[in-house]
Novice: 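One structure follows; several queries about it will come next.
Each chain gets a letter, A, B and so on, in the order its sequence line appears, and its residues count up from 1.
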Amino acid sequence: MIPAEQLQSFADWARDLKEDELERARKGMTVKAYPKRTYVCHVGDRLEHWTGVVSGLAKIGLISSSGKATAFIGVPPGGWFGEGTVLKREPRRYDVMALRDSEIAMMNAATFHWLFENSVGFNRFLVRQINERLGHFIALAEYHRLLDAPGRLARNIAWLFNPVLYPRLGPHIDITQEEIGELSGLSRQIVNKNLKVLEGEGLLRVEHGGITVLDLERLSRYGG
DNA sequence: TCATTAAATTGTT
DNA sequence: AACAATTTAATGA
């Protein structure tokens, strides 16, 4: 069973649970290591878990109705996803891949449904999260319609810093330019060039093996 | 603590 | 995709 204090480190929602609920959650979860470039789940999977990133970095690949990949969303440690498909008991509509060696937490569907039925705190968290995700998907329309390379880059980075979906300590994230490329669907060269552009405008700072966001507000509007 | 080396990442073509 | 330059991490004196 997962130690309570460790759970807090990657599950912000654990704060909202009462003692017995927390106990139930810890029993219904497992954490597993996924090596770089391995899939956490595939489109069409039915065995359902609510899924969270403990360490590393995951990439969600959205699939259009025609079955083609349309966009990617990066999920840093502390991010949870899959509540929609667990709630509706539907097959997954997306792939999830570990971009680097990662630890992934899985909560089994029975536990998820129990919390959904019994925990006020858990539901408060879910509403907040689903609402935030809705805004995210609306933004995705603009992303496809009118954004060029630097715009896409800015959006993808800004999304990693969504304070509701991915509560994080500070403005820094460890991520290579190659990983940013995989998330935004751009080549590493284009990423490198455009990161410099964003840096020149004072939106972020390019570091070795990471970036620090200086102006999240402007970054999330860039190009729009 | 410092020097050396290997590995990873960045920057450029 | 290839290559050079830079940064970091690991090793051992």
Novice: Write down the protein N/O and nucleotide N/O pairs, taken from nucleotides 7-9 of chain C, whose separation is under 3.5 Å; answer none if there are no such pairs.
Specialist:
none

Novice: Rounding to a whole Å, what distance do you find between A:Arg100:CZ and B:dA8:P?
Specialist: 14 Å
Novice: Can you confirm if the aromatic rings of A:Trp159 and A:Tyr143 lie within a centre distance of less than 6.0 Å?
Specialist: yes
Novice: Check A:Glu182 with A:Arg37, please: is the shortest side-chain N to carboxylate O separation under 4.0 Å?
Specialist: yes
Novice: What does the list of N/O pairs under 3.5 Å between the protein and nucleotides 11-13 of chain B look like, with a distance for each?
Specialist:
from   : atom 1 : to       : atom 2 : distance (Å)
B:dG11 : OP1    : A:Lys196 : NZ     : 2.8
B:dG11 : OP2    : A:Gln177 : NE2    : 2.8
B:dG11 : OP2    : A:Asn192 : ND2    : 2.6
B:dG11 : N7     : A:Arg188 : NH1    : 3.2
B:dG11 : O6     : A:Arg188 : NH2    : 2.6

Novice: Test: salt bridge (Lys or Arg N to Asp or Glu O under 4.0 Å). Region: residues 46-57 of chain A. Which pairs qualify, not counting sequence neighbours?
Specialist: A:Glu48-A:Arg92
Novice: B:dT10 P sits how many Å from A:Asn194 CG, rounded?
Specialist: 15 Å
Novice: CD of A:Glu182 versus P of B:dT9: gap in Å, rounded?
Specialist: 12 Å
Novice: Check side chain to side chain donor-acceptor pair (under 3.5 Å) between A:Arg93 and all other residues, then give those that pass, not counting sequence neighbours.
Specialist: none
Novice: Tell me which pairs pass salt bridge (Lys or Arg N to Asp or Glu O under 4.0 Å) where either residue lies in residues 137-154 of chain A, with sequence neighbours left out.
Specialist: A:Glu142-A:Arg155
Novice: Within the side chain of A:His144, is there an N or O that forms a donor-acceptor pair under 3.5 Å with the backbone of A:Thr70?
Specialist: yes
Novice: With sequence neighbours excluded, what pairs up with A:Lys196 under the salt bridge (charged side-chain N to carboxylate O under 4.0 Å, His left out) test?
Specialist: A:Glu199
Novice: Before accepting this row, confirm whether a basic side-chain N of the pair A:Arg221/A:Glu217 lies closer than 4.0 Å to the acidic partner's carboxylate O.
Specialist: yes
